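In this text the structure is predicted, and so the values were computed from the model without any measurement.
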Amino acid sequence: MIKLSAFFAGLIFGLGLLLAGMANPAKVLAFLDVAGAWDPSLALVMGGAIAVAVIPLNWARNNKQSLLGAPMQLPIKRELDARLIGGSLLFGIGWGMAGICPGPAVAILLTGHGQIIVFVLAMLAGMYLFSLLERRRRS
């Protein structure tokens, strides 16, 4: 049941990304171009996503288990540090260069576009490199 729920949640999330235009690099780059031909439509998408997430997030904060009985695993760290800021900068630079971020990239991976395949491979390589560095930092 948990895997089926995860599958449908991912499917709905991916469809939402496609319908909202978040999987269209040209639309994302137009949103990020605040000094040029800015397209504010994705700000409405993000605002809508935040509004929709408020109720479940508040519910999650007040419960120790999910509806399917899994333990809640919400972030507990609240302070800013160099790792968070550095990771945010890297994410933002990548998003601005490619016009795509990990969620939409996975959603459109099966389209077979070469740029998306390269993006996902680079993303996976970055995740692997991070895991290596993280293991090394902890030992």
* Pairwise side-chain contact, Tyr128 with Leu124, heavy-atom cut-off 4.5 Å (strictly under) -> no
* Asked: Would a hydrophobic clustering, with Ile, Leu, Val, Met, Phe, Trp and Tyr connected at side-chain separations under 4.5 Å, put Ile55 with Leu57?
  -> no
* Can you tell me how far the OG atom of Ser131 sits from the CZ atom of Arg136, to the nearest 0.5 Å? -> 13.0 Å
* Is Phe13 reachable from Val45 through a run of I, L, V, M, F, W or Y residues, each pair having side-chain heavy atoms under 4.5 Å apart? -> yes
* To do: Say whether Phe91 and Phe130 are linked into one hydrophobic cluster, either directly or through other cluster members, by side-chain heavy-atom distances under 4.5 angstrom.
  => no
* **Heavy-atom pair with the smallest gap, counting every atom of Ala53 and Pro56** => O-CD, 3.3 Å
* **Ser5 versus Leu68, closest heavy-atom pair with distance** => OG-CD1, 3.4 Å
For a quick test of your reading: what N or O donor-acceptor pairs under 3.5 Å do the side chains of residues 97-119 make, sequence neighbours left out?
from: Thr111; atom 1: OG1; to: Ile108; atom 2: O; distance (Å): 2.7
from: Thr111; atom 1: OG1; to: His113; atom 2: ND1; distance (Å): 2.9

* **hydrophobic_cluster_shared for Val34 and Leu89, side chain cutoff 4.5 Å** => no
* Asked: Heavy atoms, side chains only, cut-off 4.5 Å: are Leu133 and Arg137 in contact?
  -> no
* Check for a donor-acceptor pair, side chain of Trp38 on one end and backbone N or O of Asp33 on the other, with a separation under 3.5 Å. => no
* Taking every non-hydrogen atom, the tightest pair across Asp39 and Ser41 -> OD1-OG, 2.8 Å
* Asked: Do Val120 and Val28 sit in the same hydrophobic cluster, where Ile, Leu, Val, Met, Phe, Trp and Tyr count as joined when their side-chain heavy atoms come under 4.5 Å apart?
  -> no
* Distance-only, no hydrogens or angles: does the Asn63 side chain make a donor-acceptor pair with backbone N or O of Trp59 under 3.5 Å? -> yes
* **Gln65 and Pro71, any side-chain heavy atoms less than 4.5 Å apart** => no
* Shortest non-hydrogen contact from Ala23 toward Leu18 -> CB-CD2, 3.6 Å
* Euclidean distance, Glu134 CD relative to Met127 CE, rounded to 0.5 Å -> 13.0 Å
